[in-house]
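Have a look at the structure below before the remarks.
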Amino acid sequence: MINETPRVRFAPSPTGYLHIGGLRTALYNYLFARNTNGKFILRIEDTDRKRYIEGAVENLLNTLKWVGLDYDEGPEVGGDYGPYYQSKRLDIYKKYAEELIEKGKAYYAFDTPERLKQLHEEQLKKNEQTKYDKFALTLPEEVIKQKIESGEPYVVRLNVPPDKSVIVDDLIRGKVEFDTNIVDDQILIKSDGFPTYHLANVVDDHLMKITHVIRGEEWLSSTPKHVLLYDFFGWEKPIFAHLPLLLNPDKTKLSKRQGDVAVEDYKDKGYLKEALINFVALLGWNAGDEQEFFTLDELIHKFTLERVHKAGAVFNLEKLVWLNAEHLRSKPNAELLQMLREELKKSKYADLKIEDNKLLLIIEAMKPRVEFVKEFITKCPYFYEAPTEYDEKVIKKRWKEDSPGLLLKLRDKIAQLDDLKKEDYENILNNLAEELNIGKGKLIHPVRLAVSGSGTGPGIYNLLYIIGKDECINRINRALEKIKTTNPDLTEEN
RNA sequence: GGCGCGUUCGUCUAGUGGCUUAGGACGCCGCCCUCUCAAGGCGGAGAUCACGGGUUCGAAUCCCGUACGCGCUACCA
């Protein structure tokens, strides 16, 4: 097995969306496969008909596509080991279940749900291990045959031998030992003819030549059942690697109740796939150095299962936001332009005509000041429309008695020139300040307020330049009226 | 209840017996830069390494126990 090319799989059950924990599992499988020149396989575990959800698989596939975790074999792309939907492999599971029965490693059982429930409750009451009592094993062969022929519903159960020890050798946790006396005779084939996860995953992993089973820690407890199955079939076991869980802030398993768990929720909120992947990769793994910012390629090169650690990790948004900003800033402006265009279409400025050049200037100016693409709009609406309001706090702090007069002078200076460049605004402002023998802040702050309505933003010369000469003049005029009315005691004189 | 896994700053983590007065990152605070806000640079607060016993000249690191947390305990995956 060591010499074979690694084959790993991500095997989600289609629950309607891709869980963020599922993304992490998928990512680690993907990184491992790409790092080792192996194959990454997607298999849909849709064996629970009661939980069938329309469109769930499609959604899952789309999300995987969005994050860019491309698989070598699976739905839509096919492969030599299909079908990759478990619901299309029923006859295979049936065949292997029968093989087990012949070997005496599994058996038919006909117990009613009522009996099972009663048994369970009795065991609970007596503080015993809750498991099947192997009653069906006492049935004579003829009776079994008869029941089946008469169409009585049945299940197939795993015949777990008592008093044995099963060792699960886990790459991350080492050897974990289980006593078979606490392992239940797991149902392998349900009465509807569908297999349970335990049978299906073992059969498929074997048939699909999976070399490493990389999955969440919640599976560790049922792994002895899987080990037993491999042994009963006489198959070589894959290498197991059980990943630590992703946790809520209160340390319980990451769940809906305490925030967003669907990858698409994060997509919708404007998180970049690069940031999400980077962040989720760091939840349970690190490169061993002090790098925190990773591209997918860097992750592929540096990822090893050996550096996955054991404890669960709280999914904490603050670092994700930071990473989002970091990845945003690392993107070329041309790419951000496309993203901003998309964002604009969804905004109230959808009908606004803006040239690429102007958007590029906005992007350049706002890049260090935003964490999300949409903030190229929301954090600087003044680039898209004239301010309708002026920040009260800023008026109080920056709008002095002499501000209107100074702004008037500044406005006239601006009006005198054409084809203004960034430097021209700088010169105008500095010269005027010098001329009047005042600090340039006396001009800068009021004009920023007048032109943007805000006290914060990009450098003022740049700000004026991007807004443009005519618009600057208009806005100054408008501010002179507006702010005067807000503060009637201020005059334009002096 | 049983079984299993885990436990280093608020959070993500480094650390595999001496290099550790426990390092980094996010967040927080301060300073610098500066026309504002960011970004960036510098610095700070923040972890008696869950607790208790051992082993050892020496333990976050090895062993045992306890506590706590989590997972599993379905004809779910």
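Throughout, a chain's letter reflects where its sequence line sits, starting with A, and its residues are numbered from 1.
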For Tyr461(A), report the nucleic acid contact type (base, sugar-phosphate, nothing); a contact means any heavy atom under 4.0 Å. base

By nearest heavy atom, map Ile444(A) and Thr196(A) onto RNA chain B; which one lands nearer the 5' end? Ile444(A)

Going by the ring-ring contact (aromatic ring centres under 6.0 Å, His included) test, name the single residue among Phe294(A), Tyr266(A), Tyr271(A), Phe315(A) that passes it with Phe279(A). Phe315(A)

Once you apply the 3.5 Å cut-off to both distances, tell me the Watson-Crick or G-U wobble partner of C3(B), or none. G71(B)

NA contact type, Glu45(A), heavy-atom cut-off 4.0 Å: base, sugar-phosphate, or nothing? sugar-phosphate

If only side-chain N and O atoms of Lys253(A) are considered, is one of them under 4.0 Å from the OP1 or OP2 phosphate oxygen of C70(B)? no

With under 30° as parallel and over 60° as perpendicular, where do the rings of Phe240(A) and Tyr230(A) fit, or are they tilted in between? perpendicular

Nucleotide U73(B), atom P - distance to CG of Leu116(A) in whole Å: 15 Å

Counting only heavy atoms from other residues, nucleotides and ligands, does the tally under 6.0 Å from NZ of Lys94(A) exceed 12? no

For Lys237(A), the option from Asp231(A), Asp205(A), Asp169(A) that meets salt bridge (charged side-chain N to carboxylate O under 4.0 Å, His left out): Asp231(A)

For Ile460(A), which contact category applies under a 4.0 Å heavy-atom criterion: base, sugar-phosphate, or nothing? base

It should be established whether Lys251(A) places a side-chain nitrogen or oxygen under 4.0 Å from OP1 or OP2 of nucleotide U11(B). yes

For U66(B), the Watson-Crick or wobble partner whose two distances fall under 3.5 Å: A50(B)

Lys164(A) NZ - C3(B) P separation (whole Å): 20 Å

Is any N or O donor-acceptor pair between the side chain of Lys319(A) and the base of C12(B) shorter than 3.5 Å? yes

With a cut-off of less than 4.0 Å, is there a side-chain N or O of Lys190(A) near OP1 or OP2 of A77(B)? yes

I'd like to know if Glu290(A) reaches the base of G23(B) with its side chain such that a donor and an acceptor end up less than 3.5 angstrom apart. no

G40(B) pairs with, by Watson-Crick or G-U criteria that keep both distances under 3.5 Å: C32(B)

Does Arg215(A) have a side-chain nitrogen or oxygen under 4.0 Å from the phosphate oxygens OP1 or OP2 of G71(B)? no

Under 4.0 angstrom, heavy atoms only, what part of the nucleic acid is Thr15(A) near: base, sugar-phosphate, or nothing? nothing

Any base atoms under 4.0 Å from Asn430(A), or only sugar-phosphate, or nothing? Heavy atoms, all strands. nothing

Would you indicate what Thr47(A) reaches in the nucleic acid, counting non-hydrogen atoms under 4.0 angstrom: base, sugar-phosphate, or nothing? sugar-phosphate

Glu389(A): which residues meet the side chain to side chain contact (heavy atoms under 4.5 Å, CB included) condition with it, sequence neighbours left out? none

Report the C-alpha separation of Glu264(A) and Thr63(A) in whole Å, then their side-chain angles, then the decisive distance to 0.1 Å, and conclude whether the side-chain hydrogen bond (donor to acceptor under 3.5 Å, both in side chains) test is met. CA-CA 7 Å; Glu264(A) 57 190 302; Thr63(A) 307; 5.0 Å; no

Would you kindly give the CG-to-P distance between Asp170(A) and C5(B), to the nearest whole Å? 10 Å

Using the P atom as the point on both nucleotides, what is the distance between G6(B) and G10(B), in whole Å? 23 Å

Would you indicate, yes or no, if A39(B) has its OP1 or OP2 atom less than 4.0 angstrom from a side-chain nitrogen or oxygen of Lys367(A)? no

Separation between the P atoms of C28(B) and G15(B), rounded to whole Å: 27 Å

Give a yes/no answer on whether the side chain of His198(A) brings an N or O atom under 4.0 Å of OP1 or OP2 in A77(B). no

Which one, C76(B), C12(B), C3(B), comes nearest to the side chain of Ile182(A)? C3(B)

State, with a plain yes or no, whether a side-chain heavy atom of Tyr382(A) is found less than 4.5 Å away from one of Leu463(A). yes

Give the rounded distance in Å between these two atoms: NE2 of His242(A) and P of C70(B). 20 Å

Nearest-Å distance for atom pair CG/C1', residues Leu407(A) and C35(B): 14 Å

Span that lies between the C1' atom of U55(B) and that of C3(B), in whole angstrom: 30 Å

Short side-chain N/O contact from Asn286(A) to OP1 or OP2 of U13(B), under 4.0 Å: no

Look at the side-chain N and O atoms of Thr130(A) and state whether any lies under 4.0 Å from the OP1 or OP2 oxygen of A74(B). yes

Expressed as a whole number of Å, how far does the P atom of G46(B) sit from that of A38(B)? 25 Å

In whole Å, what is the span from the CZ atom of Arg115(A) to the P atom of C75(B)? 13 Å

Atom pair distance, as rounded to whole Å: CG in Leu220(A) and C1' in U73(B): 13 Å

5' priority, RNA chain B, between Asp192(A) and Val370(A) [closest heavy atom]: Val370(A)

Checking N1-N3 plus N6-O4 or O6-N4 for Watson-Crick, or N1-O2 and O6-N3 for wobble, each under 3.5 Å, the partner of C26(B) is G10(B)

Over all strands shown, is Pro153(A) touching base, sugar-phosphate only, or nothing at heavy-atom distances under 4.0 angstrom? nothing

Give the nucleotide from the list C35(B), C5(B), G10(B) with an atom nearest to the side chain of Arg448(A). C35(B)

Per the side chain to side chain contact (heavy atoms under 4.5 Å, CB included) rule, which among Leu188(A), Asp185(A), Leu139(A), Ile101(A) passes with Tyr107(A)? Asp185(A)

C49(B) to G17(B) separation - C1' atoms, rounded to the nearest Å: 15 Å

Checking Val166(A) against Lys225(A) for the side-chain contact (heavy atoms from CB on, under 4.5 Å) test, could you report, in this order, the C-alpha distance in whole Å, the side-chain angles of both residues, the deciding distance, and whether it holds? CA-CA 9 Å; Val166(A) 177; Lys225(A) 292 168 186 168; over 6 Å; no

Sugar-phosphate only, base, or nothing, as touched by Gly441(A) at under 4.0 Å among non-hydrogen atoms: nothing

Within the modelled atom types, does a donor on one side and an acceptor on the other bring the side chain of Arg173(A) and the base of C5(B) under 3.5 Å apart? no

Nearest-angstrom distance, C1' atom, A60(B) to C9(B): 14 Å

Under 4.0 Å between any heavy atoms, over every strand shown, what does Gly284(A) touch: base, sugar-phosphate, or nothing? Just pick one. sugar-phosphate

Counting only side-chain N and O atoms of Lys131(A), is one of them less than 4.0 Å from OP1 or OP2 of C3(B)? no

With rounding to whole Å, what would you report as the distance between G23(B) and U16(B) at their P atoms? 14 Å

Lys413(A) and Glu435(A) ion-paired at < 4.0 Å: yes

C1' atom, A59(B) versus C70(B): distance in rounded Å? 27 Å

Whole angstrom is fine here: how far is it from CD1 in Ile277(A) over to P in C12(B)? 21 Å

For U55(B), what is the paired nucleotide under Watson-Crick or G-U wobble rules, both distances under 3.5 Å? none

What's the closest nucleotide to the side chain of Asp48(A) if the choices are U11(B), C35(B), A77(B)? A77(B)

